[in-house]
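Below is one structure, written out as structure tokens; comments come after it.
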Protein chains: 2
Amino acid sequence: MPPDPYQRDCPSRKLLDRIGDRWTVLVIATLEDGPRRFSEIRRRVDGVSQKMLTQTLRALERDGLVTRTVHAEVPPRVEYALTPLGRSLLDPLGALMRWATEHLGEVEQAQQAYAA
Amino acid sequence: MPPDPYQRDCPSRKLLDRIGDRWTVLVIATLEDGPRRFSEIRRRVDGVSQKMLTQTLRALERDGLVTRTVHAEVPPRVEYALTPLGRSLLDPLGALMRWATEHLGEVEQAQQAYAA
DNA sequence: CGGTATCCTCATAGATACTG
DNA sequence: CAGTATCTATGAGGATACCG
């Protein structure tokens, strides 16, 4: 029996939740073109708090989507990069982001029509 | 300037949040093969409360992704169906669900490795 | 620089009860 | 059947302070 996110206790539902998470989507996309430092990601993903970014990155690390590399320098430099598994998420998440930006106008029109 | 979900106040970010929502994903997918009644959707999406399902469906209706049709019968029959705009989300969301089910095993392995 | 720890709040999911 | 209304509590997430 394959995983079934329609079932409430199937682990795939939790996974689906996490990969659709607001910060996860943007963080993964940020790492598309190569390793990035903590502060670079934070600047790129406007509005993410340090706490949430740390939390999101830890979860991605645990799930094997991202690696964390500490360079022994002063000041410390920490770089995050996508694993092959993480890279395999780029297409699905990219499609989602593209949908949101491309269809935003239609959605806003629908909202105005609905208000009336 | 196109919508940019990296910006905290861009409406596309809210939209992205909503289409990645746990219930939204499953509800949209449930409507893939045609109109469904409220109770059918509720049974299919295991664990969703009446409140959350109503809320999710209302949001989808407002955003122009789903239509709501009340059939004047006793007992009342209410059917939900995807609009063309809603159908255009099937591919991106389907890809996301497929990713979650196909890579669940790898993620779980990574989690076990991380624990050690 | 890149965190961790703590506190606090406020949104929202869930449970429950009621209705056209 | 398909909701609405109300209450509660839980936990996501922000603010702040401190640390290696």
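Letters A, B, ... are given to chains in the order of the sequence lines, protein chains preceding strands, and every chain is numbered from 1. Everything numeric here is computed off the predicted structure, so don't read it as measured data.
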Smallest heavy-atom separation, A:Leu16 atom then A:Pro5 atom, equals CD2-CB, 4.1 Å

Hey, which of these two, B:Arg43 or A:Val48, hits DNA chain D nearer its 5' end, going by closest nucleotide? B:Arg43

Tightest non-hydrogen contact, residues B:Ile19 and B:Leu93, listed as O-CD2, 3.6 Å

Between D:dC1 (P) and B:Tyr80 (OH): distance, integer Å: 14 Å

Calculate the interatomic distance between A:Leu53 atom CG and C:dT4 atom C1'; express it in whole Å. 14 Å

If every non-hydrogen atom of B:Glu79 is compared with every non-hydrogen atom of B:Pro35, which pair is closest and at what distance? OE1-CB, 4.0 Å

Indicate whether OP1 or OP2 belonging to D:dC1 is found under 4.0 Å from a side-chain N or O atom of B:Ser39. no

Would you mind reading off the distance between A:Met52 atom CE and D:dG11 atom P, rounded to a whole angstrom? 15 Å

Base, sugar-phosphate alone, or nothing: which one does A:Gln55 contact when heavy atoms must sit under 4.0 Å apart? nothing

Using whole Å, report how far CD of B:Gln50 lies from P of C:dC18. 15 Å

Between C:dC1 atom P and A:Ile41 atom CD1, what is the distance in whole Å? 15 Å

Determine the minimum heavy-atom distance between A:Leu57 and A:Phe38, stating which atoms define it. CD1-CD1, 3.8 Å

Indicate, with a heavy-atom threshold strictly under 4.0 Å, whether B:Arg42 touches base, sugar-phosphate, or nothing. nothing

So, using side chain to side chain donor-acceptor pair (under 3.5 Å) as the criterion, who are the partners of B:Glu61 when residues are at least two apart? none

Could you tell me how far apart A:Asp21 (CG) and D:dA12 (P) are, to the nearest whole angstrom? 11 Å

Is there a side-chain contact between A:Arg37 and the phosphate of C:dG2, meaning an N or O under 4.0 Å from OP1 or OP2? yes

Report the distance from atom CD of A:Glu40 to atom C1' of C:dG2, rounded to the nearest whole Å. 13 Å

5'-most contact on DNA chain D: A:Lys51 or B:Arg68, nearest heavy atom basis? B:Arg68

Presence of B:Arg22 side-chain N/O under 4.0 Å of C:dA13 phosphate oxygens OP1/OP2: no

Would you mind reading off the distance between A:Leu57 atom CG and C:dG2 atom C1', rounded to a whole angstrom? 11 Å

